[in-house]
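Okay, so here's the structure we're looking at.
One is the number of the first residue; the rest follow in order along the sequence. Quick note: numbers below take in every heavy atom, side chains included, and nothing from hydrogens, waters or symmetry partners.
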Amino acid sequence: MVTARLELEPEVQEIFQCIDDNQNFLLSGGAGSGKTYCLVQVIRQAIAENPTAKVACMTYTNAAAQEIRERVNHQNLTVSTIHDFLWSSIKHFQKELKAALVTLINKNELSIPEVTSVPSGYFDGRENIQYKHYVNIQKGIISHDELLIVGHHLFATYPKLIDIIKDTYKLILIDEYQDTNKEVVEIFLTHFPNSRKQNIIGFFGDAMQAIYDDGIGNLNAYQGQIQEIQRNQNRRNPKKIIGLANRLRTDGLIQEFKATNATDRIEQGTMLFFHSTQDNLNKVRDILVEDYGWNFKESRSTKELNLTHNLIAGKAGFSTLMDIYDKDKIIEYRGRIKKYIKDNNITTDFSDKTFGEVIDILKQGKTGGELQKVKPTPNMQEFINEHPALYESARYYNYALFSKMHVSKDQLIDDKKQDSESRDGEGSERDNLIRHLFNIERYITLHQDRKYNDFLRATDYKISSIEDKRILKNNIESLINVEEKTIEEVINDAHEKGICRIDDRLTEFKEKSAYIYNRVKDVKYSELQKWYKYVEGMTPFSTQHKTKGSEFDNVLVVLDNGRWNDYNFKYLFLENGTPSVLERTQKIFYVCCTRAKKNLAVFYNNADSNVIGKAKEWFGSQNVINIDHTMASSMNNL
């Protein structure tokens, strides 16, 4: 057995020493260090040494879980997302689940609309508590976020639950721990020790890649309970990029270049810093294409990383949809009215009133400052003046429905947890209209990719003859070549052709979120097609958050915070500023730079002399390029 371990990676051997010593462990490794490779080695070796013991592995997405299943196919291995693991651990304890909901509702940690407290037997006699993609706590339905709260409470309250898990799994491994919610880590490192039974918890990840605000980030608070093992190698990046990445790290982990079969490729490559006094991003792309051989049409190998979706929407061709979900000042005005009603404890029943009638009622008798509080702000009024018909239609919507309608860009695009393998709705905030439109495109793609069985299962489409196949092919093509058709026209076409049926969820959305549906339905479907290509990674554009975990030959990083105050790229280069903003910016820049397998380019618009000086220190003076000079030189050569 010892001989077999000697063939493992050195860090994996250290992990098994922790396992032998009944010690929880943390494998810390930077970008490209092979953390997943080590994770797989640990699983394989643990099963080899104890074939009857079960191992649980939790990942951040279903896609990651599937990758591990494919690499380790064994009946004693359970691989799932953290949420699925938690639900499978507690779903059979319905009595305790119902009691937990009552307690959490009465402690205001969970809420039912217009209900402040419930009796102890509130859920008795009702159906089982369920975990779904939507929330209706009154009916005993919880979703993604509520599951974490409920699970944390149950494991804190019932040590027997922990005994059961420890009896089942002697080894539990958590991948990408830095993105794991704090409550989840508390379950395993605070509540699990309350059980006298023994098992080992292992974490894999990188604190420097903790770029999501609801993740724990690091395990510094648990240093006495876990043994940290560092993996310092880097198999992905060229030496130049590793050097830059090491400058950015703040946790003392220094990565070293690791030779592979592709050593020549990894040692070569370019690392460029472009700057300009104007927004000359197009010129940067031209230089990278003409002088360095990049091809932005090859989205699998070349990516342009922007901080926000708003910075990408226009480039990728779905700006109308983004404006609907993120820049609607009438929706903001609705929020202003809701806030006024709440702040002034107005108890009038507006359920049978329209939005316009509520506004008019609130304005009655108001003058001066009070009147200003129920009127649109100047920015809102400017938007209303530009969209008079839209505002007039909004005034006629029922206030009860209009006030409850939730609108955010996350309902259009959800970077964080969306992957194509996720079960319907898991972890995604996309609304039911966008889900339906996504499904139309997904079903078309399944047919185009000749995944006919998957297509038939997903759509319930019936084929019983060659003629049926021909009709289906024509129907699919009609949904691809949409010309000037609107989104609503294609929804109806897809329904009538049996490609994607209009279901209860879309029907409900049309009723409860009529304002948004009526805005989206008139958008050209061709824009939706461009949106789909973007969210599925078929364009050269990506947000800097979404690219985590990926790698590309060529990476262009655009340093524009897009008016997002949580980030400031000037702080990054001056190495000062608000500590939390500096740390957040440093981490996102680290993630971006370490995506590049060959070539890295950075564009900073309007960089001052201090930023340029630091760029020369980091990138080398010869690699810092002033686009203004380049353009002037080109003009002189004409």
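- Closest approach of Ser143 to Lys132, counting heavy atoms only: OG-O, 3.1 Å.
- Looking at residues two or more places apart in sequence or on another chain, you find a side chain to side chain contact (heavy atoms under 4.5 Å, CB included) between Asn492 and Glu488, Glu496, Ile502.
- At most 12 heavy atoms of other shown residues, nucleotides or ligands fall within 6.0 angstrom of atom CG in Asp504.
- Taking the six-membered ring where the residue is Trp, Tyr443 and Phe455 present perpendicular rings, their angle passing 60° and hence far from 30°.
- Relative ring orientation between Tyr131 and Trp87 is described as tilted, the plane-to-plane angle lying within the 30° to 60° band.
- Taking 4.5 Å as the limit, every side-chain heavy atom of Glu489 sits out of range of all side-chain heavy atoms of Tyr525.
- The side chain to side chain contact (heavy atoms under 4.5 Å, CB included) test applied to Gln209 returns Ala31, Lys35, Gln178, Asp206, Lys548, Tyr590, Val591, Arg595, not counting sequence neighbours.
- Between Tyr534 and Gln529, the side chains place no donor N or O within less than 3.5 Å of an acceptor N or O (distance only, hydrogens not considered).
- Ring pair Phe355/Tyr396: centre-to-centre distance not below 6.0 Å.
- Looking only at side-chain heavy atoms (C-beta outward), Asp468 and Lys462 stay at 4.5 Å or farther from each other.
- Of the N and O atoms on the side chains of Gln66 and Glu70, at least one donor lies less than 3.5 Å from an acceptor on the other residue.
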For this session: Might you work through the ring-ring contact (aromatic ring centres under 6.0 Å, His included) test for Phe204 and Tyr177, ending with a clear yes or no?
Result: CA-CA 6 Å; Phe204 294 73; Tyr177 81 87; 9.4 Å; no
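- The main-chain N or O of Ala596 is never found under 3.5 Å from a side-chain atom of Glu551 such that the two would form a donor-acceptor pair.
- Between Glu176 and Thr59, the closest side-chain pair of non-hydrogen atoms is not below 4.5 Å.
- Leu147 is listed as a side-chain neighbour of Ile90, based on a closest heavy-atom distance under 4.5 Å.
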Problem set entry | Residue pair His309, Trp564: steps toward the ring-ring contact (aromatic ring centres under 6.0 Å, His included) verdict | CA-CA 11 Å; His309 293 295; Trp564 194 354; 9.5 Å; no
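- Scanning both residues, Ala210 and Asp179, for their nearest heavy atoms gives CA-OD1, 4.2 Å.
- Here the side chain of Gln94 pairs a donor or acceptor atom with the backbone of Ile129 at under 3.5 angstrom.
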For this session: Before giving the answer on side-chain hydrogen bond (donor to acceptor under 3.5 Å, both in side chains), spell out for Tyr212 and Asn181 the whole-Å C-alpha distance, their side-chain angles and the decisive distance to 0.1 Å.
Result: CA-CA 10 Å; Tyr212 300 128; Asn181 192 279; over 6 Å; no
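- Partners of Arg285 according to the side chain to side chain contact (heavy atoms under 4.5 Å, CB included) rule, which considers only residues two or more places apart in sequence or in another chain, are Leu281, Asn282, Phe296, Glu304, Lys315, Phe541, Leu556.
- Using a 4.5 Å cut-off on side-chain heavy atoms (C-beta onward), Asp431 and Ile434 make contact.
- Using a 4.5 Å heavy-atom cutoff, the side chains of Tyr169 and Thr78 are in contact.
- When all heavy atoms are compared, the tightest approach of Phe85 to Ser88 is O-OG, 2.8 Å.
- A 6.0 Å sphere centred on CG of Asn474 holds more than 12 heavy atoms belonging to other residues, nucleotides or ligands.
- Considering all non-hydrogen atoms of both residues, Ile211 and Ile588 come closest at CD1-CD1, 3.8 Å.
- Using a 4.0 Å cut-off between a side-chain N of Lys or Arg and a carboxylate O of Asp or Glu, Arg470 and Glu467 qualify as a salt bridge.
- Side-chain contact between Thr486 and Val490 is absent, with no heavy atoms from C-beta onward closer than 4.5 Å.
- Between Phe402 and Tyr515, the distance from one ring center to the other falls under 6.0 angstrom.
- The pair Asp454-Arg457 meets the salt-bridge criterion, with a side-chain N (NZ, NE, NH1 or NH2) lying under 4.0 Å from an Asp/Glu carboxylate O.
- A donor-acceptor contact shorter than 3.5 Å links the side chain of Asn76 to the backbone of Pro51.
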Problem set entry | Full working for side-chain hydrogen bond (donor to acceptor under 3.5 Å, both in side chains) between Asn599 and Asp553 | CA-CA 6 Å; Asn599 305 304; Asp553 287 345; over 6 Å; no
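- Using a cutoff of 4.0 Å between basic side-chain nitrogens and carboxylate oxygens, Arg519 and Asp328 are scored as salt-bridged.
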